[in-house]
Amino acid sequence: TYQAFNWDEYLRETNSIAAPQSCFKQAPSPPYNDFEVSMKLEALDPRNVTSTCIATVISILGPRLRLRLDGSDNKNDFWRLVDSGEIHAIGHCEKNGGMLQPPLGFRMNASSWPMFLLKILKDAKMAPESIFQKEPLGPRQNLFQVGQKLEAVDKKNPQLICCATVGAVKNDQIHVTFDGWRGAFDYWCRYDSRDIFPVGWCARSGHPMQPPGQKNSSGTNRFRIRPAFTAPPPTSSVSSTAAEVQSPEADTSAPPPPPIVINFRKSCSGGPLIDTTQ
Ligand code: MLY
């Protein structure tokens, strides 16, 4: 049976705190989503943000839209919040003296763009102006602190919003790390990125949330055992188990490692070496 991720319990278990709402460029309550699949709208081309294109709503998750630029392929879909400043009703571009552009990688000859545009807009189900929402004002400065928890888009799997931690803060940027996943998914973004959300946002907005992962690529665990962990050299009787948790950088001639803090979910048995009765 499906059980929603319990943030309160997780924050307690990891002895961590959630980044407050005031850190984020997100509306205090997640916006309603009155869009429908197949509606058309104007969107900035993510690969060429100086051009405004026609996009179609491909699917909907909570307050987010999966968009595809008309005339593009199905390999470059992208996600936008309904209160994104990068989407508008059809007509907005022209009203502001602009001209609709073919997307980067337009699959036809550029000369066929005007006819293509006429054809896609004729009979189009246009998203009405009233369902677009104003982009929230962001904080004026970076208020994040290292260690704070948040929910963040996985840019490699952008349909996913996941359990994450602020790994570092530098000027206007934060380093987003994904709990329980190898560093390959980490990224830097501005503090006012629309891809980061306060703890509880998914639950409040009806968007699915990815709980922490279990393992990194080498089978070791990144969030229950901190990356700085270096195991002592494997000993005979438990060698295979010890080798699995030993970090590849472990220097067996180094001085003894500092004390290790390991946080377990109560629901995990922890394997044969862990006494869960203590
Ligand atoms: N099957 C993919 C999914 C990874 C998702 C990681 N996110 C949640 C940080 C993989 O294992 O690469």
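Every number for a ligand or one of its atoms is a count from 1 in the order of the listing. In what follows, every heavy atom counts, from backbone to side chain, and hydrogens, waters and symmetry copies are set aside.
Comment: Glu135 does not engage Arg80 in a salt bridge, judged by the lack of any side-chain N to carboxylate O separation of less than 4.0 angstrom. A salt bridge is absent between Asp154 and Lys156; no separation between the charged side-chain nitrogens and carboxylate oxygens falls under 4.0 Å. Arg107 has no carboxylate O lying under 4.0 Å from a charged side-chain N of Asp73, or vice versa, which leaves the two without a salt bridge.
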Show which side-chain atoms of residues 37-44 pair as donor or acceptor with protein atoms under 3.5 Å away, not counting sequence neighbours.
from: Ser38; atom 1: OG; to: Lys125; atom 2: NZ; distance (Å): 3.4
from: Lys40; atom 1: NZ; to: Thr56; atom 2: OG1; distance (Å): 2.7
from: Lys40; atom 1: NZ; to: Asp70; atom 2: OD2; distance (Å): 2.6
from: Glu42; atom 1: OE1; to: Cys93; atom 2: N; distance (Å): 2.8
from: Glu42; atom 1: OE2; to: Gly91; atom 2: N; distance (Å): 2.9

Show which side-chain atoms of residues 16-33 pair as donor or acceptor with protein atoms under 3.5 Å away, not counting sequence neighbours.
from: Ser16; atom 1: OG; to: Thr14; atom 2: OG1; distance (Å): 2.6
from: Gln21; atom 1: NE2; to: Gln26; atom 2: O; distance (Å): 2.9
from: Gln26; atom 1: OE1; to: Arg194; atom 2: NH2; distance (Å): 3.0
from: Gln26; atom 1: NE2; to: Arg194; atom 2: O; distance (Å): 3.1
from: Gln26; atom 1: NE2; to: Ile196; atom 2: O; distance (Å): 3.0
from: Asn33; atom 1: OD1; to: Phe35; atom 2: N; distance (Å): 3.0
from: Asn33; atom 1: ND2; to: Gly62; atom 2: O; distance (Å): 2.8

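For ligand 1, the protein residues placed under 4.0 Å by at least one non-hydrogen atom are Asp154, Asn157, Cys162, Phe178, Trp181, Arg182, Phe185.
With sequence neighbours excluded, no residue forms a side chain to side chain donor-acceptor pair (under 3.5 Å) with Gln133.
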